[in-house]
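All remarks here apply to the structure that follows.
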Amino acid sequence: MPGLLNFDGDSLIVLRHNLLAVSPEEGCALLLGEQKDSQEFQGESLWNIRMVWPCCNIWEPEIFGLRELPKEQSKDPLEDLSRKKRFAIDPLEQIHAQRWARKKNIKVLGTAHSHPFGNAEPSLIDLKWSFCESIMVIITGSGDVSGWWLPKNQPSQRLKMAALKS
Ligand SMILES: [Zn+2]
């Protein structure tokens, strides 16, 4: 299924701005748009992001009753578990976004969040807590963007980026 990730118009500029505005904490957002299977891309999916739905990072320890196992935590016992290393999107926000998107004939394609201190790959926790079958965009503190397809019970796969505007 993976394929090509495209940011329409100024959606990437908006996303970067929103996510990095709360640095050093992780910022997060929902990504709205459409997914097409296109011959143009050799049958691969095109994930077209048309709108960024900014969300508050509401993470706190044991949010949603999900407790981290010690082995998932950093090897550094002094690492503070905080919104600098974790994010969570309010499920209500997702419901609002889904309703809104449906009216506009688009879909919630997935989530985006920032790694102010990390790399552009989803962390173990990101994968464990993500919704299945969606895309995940990560923006690093320096503004690098990467997109991932998260299939059910399979490793995440990196999406190719369509012409990136910075
Ligand atoms: Zn993350």
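Heavy atoms only: backbone and side chains are in, while hydrogens, waters and symmetry mates are out. Order of listing sets the numbers, starting from 1, for every ligand and every atom in it. The chain is numbered in sequence order, starting from 1.
The distance cut-off of 2.8 Å around the Zn ion (ligand 1) captures these protein N, O or S atoms, sorted by chain and number: H113 NE2, H115 NE2, D126 OD1, D126 OD2.
The only option from V14, L15, I13 that meets the side chain to side chain contact (heavy atoms under 4.5 Å, CB included) definition with F7 turns out to be L15.
Partners of R50 under the salt bridge (charged side-chain N to carboxylate O under 4.0 Å, His left out) rule, at least two apart in sequence or in another chain, are E34. By the side chain to side chain contact (heavy atoms under 4.5 Å, CB included) test, P151 pairs with E133, W149, Q154, Q157, sequence neighbours left out.
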- Task: Walk me through it: do V137 and L31 pass the test side-chain contact (heavy atoms from CB on, under 4.5 Å)?
- Result: CA-CA 9 Å; V137 168; L31 301 172; 3.5 Å; yes
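Applying the salt bridge (Lys or Arg N to Asp or Glu O under 4.0 Å) definition to pairs two or more places apart or across chains, none involves residues 101-112.
Although no hydrogens or angles enter the test, the distance criterion places a donor-acceptor pair under 3.5 Å between the side chain of S114 and the main chain of G27.
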